[in-house]
Amino acid sequence: MTVRFNCMIMKKQSYYAILMLLASTMLAGCNSEDDMTFSYDSEGEIIVNPISASEFNRSVLGCGWAEIERHDINADGTYNKKNHYDRDENEIGGGAPPRYEFSEGKVTTYWSGSMETGFYETPMHYDENTNKLYFGDYDRFKVLSVNNQEIKLVSRGGDSEMRYGWYVILRRLTDEELQHTKEVCWINDKDRYREMTWDDLMHKWILRCYIANGFQKEVPFDRDNDRISIQFFPDGTVKLKNYNDLFEGTFEYNGKDSIQLKPKEGTPEWGGLYFKAFPSIKKAVIHYAAGLTLSIDDINYYEFIRAKNDE
């Protein structure tokens, strides 16, 4: 009985020793990233473990990714633990971190500023010989590690004198998050600041704000709600909606920026409260395919954003 009892004690001691070893190993792994220091080769490149193109493509392509952490890399190879993004990672708008969607040979970057959002597409390829991820001809990132939930990279930029000044972490978006991102950042950058066309004008437009004598007045709006809107039709007619009131008229547009709006006969108060100055509209300027300004003069004008649909 004594022998069996001693064996049980030894087994328990061995069991606890293994648990302690595992725990210490896990703690060491956590500490190793907290104390991570980047090493450089003779050409100033950060040294990384090779990741094959097949592994990268299998983990990354066909998914959306949110940049959730960005840390400055110091000159000695350490990185600043302060994350540049101290906001909610799910927040979009107001200068939120960029989001990406990687596909075969292309990356779509979704961005948002304080007033606008959008996206742009860039050719992309991954070089397995260097772990570099190219956006066009520019080696935007160098990949440290990748799986189907997280990508760790170093990025161009930052205050460091080294080639890669930021340590960046991307988190995979759910399908719902990616769809929401596409709905919010829906304006294609290639459509910005180009000359307006007739087809551009033929949409429903939601009033976003109006400027009266130089003072901006915001209007509650969203692209799903057309309670205050204007819609142009190919037959030369136009409709104004001011909550429950509907006003009709005609327009003439010369294909550049001059426009004339005329109320339907018998509607002297055309447009009601928000659009009462519309008979004086002289110019229509499209800043991009989704942003329209109708001007009375230099200090009185209306700004619109294109509705989600023209129904």
Side-chain angles (χ1 to χ4, degrees), residues 25-53 55-61 63-92 94-102 106-114 119-120 122-173 177 181:
T25 302
M26 291 172 66
L27 288 173
C30 294
N31 289 335
S32 64
E33 180 160 328
D34 288 342
D35 300 330
M36 180 172 60
T37 301
F38 297 103
S39 299
Y40 299 86
D41 62 19
S42 59
E43 297 181 354
E45 289 281 352
I46 288 179
I47 299 172
V48 296
N49 294 322
I51 298 172
S52 68
E55 180 182 356
F56 176 84
N57 293 337
R58 183 173 61 250
S59 301
V60 169
L61 298 188
C63 306
W65 300 86
E67 191 167 311
I68 60 170
E69 290 188 38
R70 179 180 289 256
H71 304 269
D72 288 312
I73 298 177
N74 303 316
D76 62 357
T78 60
Y79 73 93
N80 191 323
K81 305 306 183 293
K82 178 177 173 56
N83 184 4
H84 279 263
Y85 306 131
D86 55 2
R87 63 168 64 204
D88 181 353
E89 70 185 58
N90 290 312
E91 182 178 350
I92 301 178
R99 296 184 171 197
Y100 307 98
E101 183 180 11
F102 297 110
K106 181 181 73 175
V107 56
T108 303
T109 302
Y110 300 96
W111 64 271
S112 59
S114 58
F119 74 91
Y120 57 91
T122 311
M124 178 206 75
H125 73 275
Y126 173 72
D127 182 356
E128 65 181 0
N129 296 315
T130 60
N131 285 31
K132 290 182 178 181
L133 184 59
Y134 286 84
F135 287 16
D137 296 326
Y138 183 66
D139 53 330
R140 175 69 176 273
F141 295 113
K142 193 167 189 177
V143 182
L144 304 175
S145 64
V146 62
N147 57 54
N148 62 4
Q149 295 298 320
E150 186 179 74
I151 311 173
K152 294 182 179 180
L153 322 99
V154 287
S155 171
R156 291 277 199 169
D159 297 328
S160 173
E161 296 179 358
M162 309 306 293
R163 180 170 301 172
Y164 298 96
W166 285 317
Y167 169 48
V168 174
I169 298 178
L170 307 183
R171 175 185 64 80
R172 180 175 175 174
L173 298 173
E177 288 173 327
T181 300

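The first residue in the sequence is number 1, and the count goes up from there.
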J.: Is the closest side-chain heavy-atom distance between Tyr40 and Ile46 below 4.5 Å?
T.: yes

J.: Listed by chain and number, what are the side-chain contact (heavy atoms from CB on, under 4.5 Å) partners of Asn49, not counting sequence neighbours?
T.: none

J.: Between His84 and Trp166, which heavy-atom pair has the shortest distance, and what is it?
T.: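 Heavy-atom minimum between the residues: NE2-NE1, 4.0 Å.
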
J.: Say you draw a straight line from CD1 of Ile73 to CE of Met36; how long is it, rounded to the nearest 0.5 Å?
T.: 8.0 Å

J.: So does Ala66 get a backbone contact from the side chain of Arg171, meaning a donor-acceptor N/O pair under 3.5 Å?
T.: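 Not at all, since once roles are kept as given, no pair shorter than 3.5 Å links the two residues.
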
J.: Which heavy atom in Glu43 sits nearest to a heavy atom in Asp41, and how many Å separate them?
T.: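 Closest approach of Glu43 to Asp41: N-OD1, 2.9 Å.
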
J.: Sequence neighbours left out, what passes side-chain contact (heavy atoms from CB on, under 4.5 Å) with Tyr138? Give chain and number order.
T.: Arg140, Arg156

J.: Taking only residues two or more places apart in sequence or in another chain, which ones pass side-chain contact (heavy atoms from CB on, under 4.5 Å) with Ser145?
T.: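 Scan of Ser145 (side-chain contact (heavy atoms from CB on, under 4.5 Å), adjacent residues dropped) gives Lys152.
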
J.: Applying side-chain contact (heavy atoms from CB on, under 4.5 Å), name anything that partners Asn129, two or more places apart in sequence or on another chain.
T.: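 If we apply the side-chain contact (heavy atoms from CB on, under 4.5 Å) test to Asn129, skipping adjacent residues, the hits are Asp127.
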
J.: Taking Asn74 for its side chain and Asp76 for its backbone only, find out whether a donor-acceptor pair lies under 3.5 Å.
T.: no

J.: Would you say the rings of Phe38 and Tyr164 are close, in the sense that their centroids are separated by under 6.0 Å?
T.: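 Ring centres of Phe38 and Tyr164 not closer than 6.0 Å.
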
J.: Report the distance from atom CG of Asn83 to atom CG of Asp72, rounding to the nearest 0.5 Å.
T.: 10.5 Å

J.: Keeping the roles fixed (side chain from Trp65, backbone from Phe102), state whether a donor-acceptor pair exists under 3.5 Å.
T.: no

J.: Side chains of Tyr85 and Glu67, heavy atoms from C-beta outward: is any pair under 4.5 Å?
T.: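 They are in side-chain contact.
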
J.: Rounded to the nearest 0.5 Å, what's the gap from CZ on Phe119 to OG1 on Thr108? Could you check?
T.: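 Answer for the CZ-OG1 pair, Phe119 versus Thr108, is 7.0 Å.
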
J.: Please report the shortest heavy-atom distance between Leu173 and Glu177, naming the atom on each side.
T.: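 Where Leu173 meets Glu177 most closely, the heavy atoms are CA-OE1, 3.3 Å.
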
J.: Measure across Pro50 and Asn131 and return the closest heavy-atom pair with its distance rounded to 0.1 Å.
T.: CA-OD1, 3.7 Å

J.: Think Lys81 forms a cation-pi with Tyr79, using NZ or CZ under 6.0 Å from the six-ring centre and within 45 degrees of its axis?
T.: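 Geometry flag: set, cation within 6.0 Å and 45°.
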
J.: To the nearest 0.5 Å, what is the distance between NE2 (His71) and CD1 (Ile169)?
T.: 5.5 Å

J.: Suppose we screen for salt bridge (Lys or Arg N to Asp or Glu O under 4.0 Å). Which residues come up paired with Glu101, at least two apart in sequence or across chains?
T.: Lys182

J.: If you measure from SG on Cys63 to CD1 on Ile151, what distance do you get to the nearest 0.5 Å?
T.: 8.5 Å

J.: When rounded to the nearest 0.5 angstrom, what is the spacing between CG in Leu153 and CZ in Arg70?
T.: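 Reported value, rounded in 0.5 Å steps: 10.0 Å.
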
J.: Check Thr181 against Arg99 and note the closest heavy-atom contact, atom names and distance.
T.: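 It is OG1-NH1, 2.9 Å.
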
J.: Using atom types as modelled and distance alone, determine if a side-chain donor or acceptor of Asp139 lies under 3.5 Å from a backbone N or O of Tyr134.
T.: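 No, the answer is negative, given that no donor and acceptor are paired below the 3.5 Å cut-off.
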
J.: Could you check whether any side-chain heavy atom of Leu61 comes within less than 4.5 Å of a side-chain heavy atom of Met124, counting everything from C-beta outward?
T.: yes

J.: Identify, with sequence neighbours excluded, every residue that meets salt bridge (Lys or Arg N to Asp or Glu O under 4.0 Å) alongside Lys142.
T.: Glu45

